[in-house]
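The chains referred to below are lettered A, B, ... by the order of the sequence lines, with proteins before strands, and numbering in each begins at 1.
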Amino acid sequence: MVQPYVELARASFPVAVDPGDLFGQAFGLKAIPVTFLVDEVGIVRLSGGGPNRELLAQIEEILEEPLSPVRGQAPELPWAAAKPDLDQKVAEAPDDWPSRLALGRLLSNEGHRADAVKQFEAAARIRPQESSIHFAWGLALLDQGDKESALAKLKQARDLDPSNWRIRKQIWAIEHPDKFYTGKSPDYAWQKAQIAREKK
Amino acid sequence: MKGVFALAVMAVVCGPALSAPPDMISVEDHNGTAYVAGAELARKAAIAIKRLPGSDAVVACSSERCARLNVFFDRDKETLVGIDDLSRVLGLSPRFSDDRRQVWFQVEARSRTESGGPIRVGDLAPNFRLTRLGGGEVALAELRGRRVLINSWASW
């Protein structure tokens with residue numbers, strides 16, 4: 001699904017796919033597109049929307065700095081853990097919902113959607129008001145081809161995190177595919193109008 | 001008499017390694033406040049001092065955490081940071097030389113905090129590992145030492 005867009009943009013940099021929303025959760029994304037610059041130490045120095053002149057100027061400023069010899073360690077967040085570690089965590093502490101959520105995402109990324117859903121179900125039982133659990137669950141159902149259940153889950157996620165525009169966009173893409181997947185690019189004018197409609 | 005090939009075998013005694021004395025950093029005094037220079041902190045204490053473009057904020061990052069600084073000033077192309085402020089925000093204990101003209105920083109043990117919130121500018125970026133289109137994986141932790149531009153988008 002992503003391949004045609006990459007070819008269209010003639011991208012010359014590595015492209016990673018994230019069906020389980022691992023990156024989205026790790027970086028707390030509420031809207032996309034989004035750009036981050038991580039420096040040689042590992043510090044997030046910039047974040048912004050799509051590339052624009054001001055962002056590019058700031059990026060250039062940072063690139064001109066002398067390289068620091070310091071190397072920061074990446075914080076250990078549940079969603080960065082490897083599967084064996086998550087399996088162990090979940091076995092030792094069944095109420096550890098962040099690890100269950102991370103495990104579900106990993107399983108989803110690997111294509112084991114039924115197993116992923118089991119983890120999401122368990123996580124939701126422990127923490128029913130957590131939007132990110134329902135979002136990840138909805139994405140897994142979507143991958144399984146179950147649009148109706150996916151929509152229900154995604155709407156639940158949306159209602160628990162009303163300012164999260166990524167969830168809303170995913171719902172629109174399912175309910176209004178004509179506004180997204182026909183023609184050369186998504187109908188951004190329609191999206192703008194929809195944002196205004198939903199902000200009320 | 002035939003030459004005797006005397007081979008002296010020296011027994012090499014390996015004792016416990018003496019820990020190297022910590023690198024001392026020069027202290028500068030300005031208006032009664034003790035400062036150290038950013039470049040020395042990077043070289044000798046593995047602490048990075050970085051500006052956040054688009055604001056006046058300055059962060060200090062050790063290998064395990066980052067925090068905003070409150071006491072600092074710029075001189076030429078150098079940033080000088082207040083020792084007490086730096087120590088407080090990064091959980092360090094400053095150890096001064098007798099004449100107080102040099103200092104090194106001892107890391108205090110700290111309780112593990114469960115950090116689950118979204119990543120903000122000035123934080124250490126968390127690791128993630130994703131599959132690359134065309135095969136293979138990419139992990140952010142393996143790119144430490146390089147500046148990485150990440151653009152996140154979707155087909156919608």
Side-chain angles (χ1 to χ4, degrees), chain A residues 1-3 5-6 13-18 22-24 26-30 32-47 50-51 54 57-59 61-63 65 67-80 82 98 109 166 169-170 172-173 180-181 186, chain B residues 38-39 41-55 59-66 77 112-134 136-156:
Chain A
M1 161 105 238
V2 176
Q3 194 68 29
Y5 291 88
V6 173
F13 40 83
V15 179
V17 282
D18 184 22
L22 237 109
F23 178 81
F27 278 70
L29 301 189
K30 299 286 194 188
I32 49 176
V34 71
T35 305
F36 291 100
L37 183 69
V38 178
D39 72 11
E40 70 282 10
V41 178
I43 307 167
V44 178
R45 301 288 297 286
L46 274 186
S47 83
E54 199 196 315
Q58 290 175 352
I59 292 170
E61 210 184 295
I62 293 170
L63 292 181
E65 289 172 4
L67 281 176
S68 169
V70 181
R71 297 289 174 263
Q73 283 169 7
E76 284 306 313
L77 299 179
W79 33 82
N109 271 3
R166 293 187 312 129
K169 257 191 166 179
Q170 183 64 78
W172 303 340
F180 286 84
Y181 300 118
Chain B
L41 277 175
R43 248 190 357 259
K44 298 180 177 176
I47 293 170
I49 305 296
K50 295 283 193 174
R51 302 204 142 272
L52 301 181
S55 76
V59 298
C61 293
S62 64
S63 64
E64 54 160 36
R65 66 167 143 166
C66 290
K77 290 190 175 168
R112 299 198 52 199
T113 46
E114 190 63 53
S115 132
I119 295 304
R120 279 176 299 258
V121 172
D123 288 343
L124 278 172
N127 190 23
F128 59 85
R129 185 177 293 272
L130 296 171
T131 312
R132 280 175 66 153
L133 267 190
E137 279 192 333
V138 58
L140 188 61
E142 283 156 25
L143 294 169
R144 284 278 192 268
R146 300 177 64 178
R147 289 157 180 170
V148 183
L149 186 67
I150 304 170
N151 182 248
S152 178
W153 53 280
S155 58
W156 37 248

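Interface remark: of the candidates B:Ala48, B:Ala39, B:Gly38, B:Ala48 forms the most heavy-atom pairs closer than 4.5 Å to chain A. Counting heavy-atom pairs closer than 4.5 Å to chain A, the top-ranked of the candidates B:Ala45, B:Gly122, B:Cys66, B:Ala141 is B:Gly122. Per-residue counts of heavy-atom pairs under 4.5 Å with chain B were compared for A:Ser68, A:Ala57, A:Gly24, A:Ala16; the largest is that of A:Ala16. Contacts with chain A were tallied for B:Val59, B:Leu143, B:Ile47; B:Ile47 has the most, counting heavy-atom pairs under 4.5 Å.
Going from atom CD of A:Glu40 over to atom CZ of B:Arg146 covers 12.0 Å, rounded to the nearest 0.5 Å. Rounded to the nearest 0.5 angstrom, A:Asp39 CG and B:Leu124 CG are separated by 9.0 Å. The structure places CZ of A:Phe27 at 6.0 Å from CG of B:Leu140, a figure rounded to the nearest 0.5 Å. In this structure, the separation between CG on B:Leu52 and CD1 on A:Ile62 is 8.0 Å, given to the nearest 0.5 Å. Atom OG of residue A:Ser47 and atom CD1 of residue B:Ile150 lie 11.0 Å apart, to the nearest 0.5 angstrom. Rounding to the nearest 0.5 angstrom, the gap separating the SG atom in B:Cys61 from the CZ atom in A:Arg71 is 13.0 Å.
The contact between B:Val148 and chain A is made by backbone and side chain atoms together, counting heavy-atom distances below 4.5 Å. Of the atoms belonging to A:Leu63, heavy atoms from both backbone and side chain fall under 4.5 Å from chain B.
Counting only distance, with no hydrogens or angles, the side chain of A:Arg45 and the backbone of B:Arg51 share a donor-acceptor pair below 3.5 Å. Panel note: side chain B:Arg132, backbone A:Pro14; no donor-acceptor pair is recorded below 3.5 Å.
Between B:Asp123 and A:Ile43, every side-chain heavy-atom pair lies at or beyond the 4.5 Å cut-off. With a 4.5 Å cut-off on side-chain heavy atoms, A:Leu29 and B:Ser152 count as touching.
Within a 6.0 Å radius of CD in A:Glu54, other residues, nucleotides and ligands contribute 12 heavy atoms or fewer.
For A:Val44 against B:Ala125, the heavy-atom pair with the smallest separation is CG2-CB, 3.7 Å. Residues B:Val121 and A:Leu46 come closest through the heavy atom pair CG2-C, 4.0 Å. Among all heavy-atom pairs drawn from B:Arg144 and A:Gly72, the shortest one is NE-O, 2.6 Å.
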